[in-house]
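To keep things clear, I will list the structure first and then write my remarks on it.
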Amino acid sequence: MRSLSAAMIEAQESFNPFPFYKILAYDPTLDTISEIVSGTSTQTPLDVTEYCTNVSWDISKISFTLADSDGIFHPDTGLKRSYFRDGAIIRLVEGDERVDELDWMVMFTGQIHGQIGWKISRQQMVLESRISVYSRENSQLYQRRKITTSEYTIGTDIGICLMEICTSFLGLTSAEIRIPTVLGYQFMHITNQLSQVTPWEGIKALLQTVGMEPFFDGEGKLAAFNKNMGRPYSRVYDDLTNIYDYEIPENVGDGINKVRIVFLSANLSKVPGQDQVLGTAQITTGFFTGREELDCWWSDDRKQRSEDTRMVTLKGINDNLIPFIGTESYSQIDEFHGTIIITISIWVPILATVLLAGYIALSLIPDAWAGQFFGFTIPYGRVLQAIDMVAILALMMSLGSAQYEIWGIPYDYVYREMEAIAVEQGLSYWEENELKIENAFLGGYDQADIIAITELIWEKCKNYTRRLRVRNDLSLEVGDIIVIPDGRKFVIINMSKTIKRGEVPSLTLDCYKVMTV
Amino acid sequence: MSIKKIIDWRISAEEKSIKGVIDSPFVRRYDQNVGGDGWVYVCDVKIEDGQTLKNVPIATNNREVFFSQEGKPVSLARTNGKWSVTGLSKVDFGFSHITYVTFTEDLAEVISEDWSGYVTRPLTYGELGSIIFTGYGFLPYGTRGRFTQAGVFIEFVGG
């Protein structure tokens, strides 16, 4: 709801108002719409009210017939044609004749898109133009071009990102934004970025996390209303004096009765796989190695994570001739790999060294002689060497290959796609008419549940459209809640009126019936 | 019914890619439409709403998918009306929190809530000995099962 000055309120509520309006045109080559809305424009607007008839207004568009007998606005030859050229800024200002113009309200700010219609007919004696001006959110620039924002880290208020879109991609200044910078809801994920969405989609997605809906107000400023209808009322009609018509329009659509909010969990979730062989290892060892360490990775690219890993020995180092030459162990180093450690007992290399030294030493033992003149030499040294060689060979035969398998449970981290569903009680599957909303900025059930319930109630209210024609009220705007004398409440979703000179306009309100929790 | 709704439905019908979760071991099935020997590797895939697509073939030569296990999130693509598993996905299905609302004249009331969905994971040591009352030793280490959001065991998974 917009604030009116005390004088304006008094004039509006008086029994005999003197409504007055002006249509102002701005040359887009001199000032931008941003400068005009911000109040920093330098040009004096051209008052074209006297040329305008059949003025009809709603929140998204204003249309009027331009009676230009002198042809000063002729698109080709008119002296002041730049005031109705492509991009020209048009404002509708309403007030009361008895009130200072500074207190009047700007009810509409928009731009002409493309070329205005123009007709001159000598036979029918017609020289007129029909002009339509569209509000800012109807600009194709806001809804067609794809943007990518900066990255925002966890804990940043979403309002910061919203401001970036508004200032960097929509060209709005802070004076053009009525939405607070801090919205009270923070990004839940580590990295957050809007990518390849239109600016308007981005704004809607961000505001959706706090249950708000954006719109441009009459002054052309970006505003938002809360879809939660448990908020205070903007206008209470105590009697039916100011309500002229009450209509329940036909509504033939199938109403939404289930809302599914899909969002990603803020935290990565572990997805474990089946217990399985992660890798195999083969090692050759013996007396020549004191200690062997063998890294074992769970995948060739060394990126597979695993837990609860263990070693299964297919053939160990002690499975050979000598069953106690060493120890074998396994330990997991990190989530990606482990190490197999083979330790050969110290006595094995010592024994090998001693036996080899002994083999050399035994070669020095001289042979003995048996007999007098004939006989045999007795090679004591060779016999002892052979015994020594058997020991050496036994030691050598105990070395060889060992084979191991590493088992474990591989796992990976994924984002869980969570859902918060609000559904009307008692529906069968075939009766459900679902609205699916995906919003990656929600990170937990707490907020998502609130949004789901709010959206379901909003969609339910949509089924109960109401149309009221009330006394003109310059303070009302989209999203306001009004209360009629019997206590029923309505939320305004559109407003329209026809403005004629010297006539008190009535305001038509398209509303939804309010349901509250 | 608005044109926009009709267009939305049409877009949805033409949707080319969805997410899913492997829901069965891989098996070989004969497909007469496939050239060569006609054998393809397939698996069941759980998709949105808890529905399961049966015998979804793996896209050709996708070893990454073939060596994954039940419970792994995958992406599916549809070509000529047939779904196939094309790769692994970084997004998995989580739980759904359902809020039931009733509407009267101008009041909405939240009357109950519930959870749906499940996770697939290996049984813990404690569960290995307690889920089946025969105690430890009956279930092999690594046995996997499905659990609700509250941790209640639903069923065993895999062979």
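Note on naming: letters A, B, ... go to the chains in the order of the sequence lines (proteins, then strands), and numbering restarts at 1 for each one.
A/Arg488 does not touch chain B: none of its heavy atoms, backbone or side chain, sits under 4.5 Å away. With a 4.5 Å cut-off on non-hydrogen atoms, A/Ile457 touches chain B through its backbone and its side chain both. Neither the backbone nor the side chain of A/Leu427 comes within contact range of chain B; no heavy atoms are under 4.5 Å apart. Within the 4.5 angstrom heavy-atom criterion, only side-chain atoms of B/Ile111, from C-beta onward, approach chain A. There is no contact between A/Asn257 and chain B, counting heavy-atom distances below 4.5 Å. Heavy-atom distances place no part of A/Ala452 under 4.5 Å from chain B, backbone and side chain included. No part of A/Ser265 comes within reach of chain B, as not one of its non-hydrogen atoms sits under 4.5 angstrom from that chain. Using a 4.5 Å cut-off between heavy atoms, B/Thr143 does not touch chain A at all. For A/Val514, the part lying under 4.5 angstrom from a heavy atom of chain B is the backbone only.
In this structure, the side chains of B/Lys72 and A/Val414 stay at 4.5 Å or more apart for every pair of heavy atoms. No side-chain heavy atom of B/Thr99 sits less than 4.5 Å from a side-chain heavy atom of A/Ile421. Here the side chains of B/Asp106 and A/Tyr464 are not in contact, with every heavy-atom distance at 4.5 Å or above.
Chosen from B/Tyr100, B/Phe95, B/Phe103, the residue pairing most often with chain A at heavy-atom distances under 4.5 Å is B/Phe103. If you tally non-hydrogen atom pairs under 4.5 Å between each of A/Val423, A/Ile409, A/Leu268, A/Ile453 and chain B, the highest count goes to A/Val423.
Between A/Arg416 and B/Phe93, the shortest heavy-atom distance links the atoms NH1-O, 3.4 Å. Nearest heavy-atom pair across B/His97 and A/Asp449 is ND1-OD2, 2.6 Å. Contact detail for A/Met418 and B/Gly94: the closest heavy-atom pair is SD-CA, 4.0 Å. Contact record, A/Met515 with B/Thr104: CE-O, 3.9 Å, taken as the closest heavy-atom pair.
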Show, in sequence, the C-alpha distance, side-chain angles and deciding distance for A/Leu456 and B/Val101, and conclude whether the side-chain contact (heavy atoms from CB on, under 4.5 Å) test is met. CA-CA 9 Å; A/Leu456 178 64; B/Val101 186; 3.9 Å; yes
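Atom OH of B/Tyr136 has more than 12 neighbouring heavy atoms from other residues, nucleotides or ligands inside a 6.0 Å radius. Applying the 6.0 Å contact sphere to CG of A/Asp301 captures more than 12 heavy atoms from other residues, nucleotides or ligands. Within a 6.0 Å sphere centred on OH of A/Tyr233, heavy atoms belonging to other residues, nucleotides or ligands number 12 at most.
Atom OH of A/Tyr415 is separated from atom OG of B/Ser89 by 12.5 Å, given to the nearest 0.5 angstrom.
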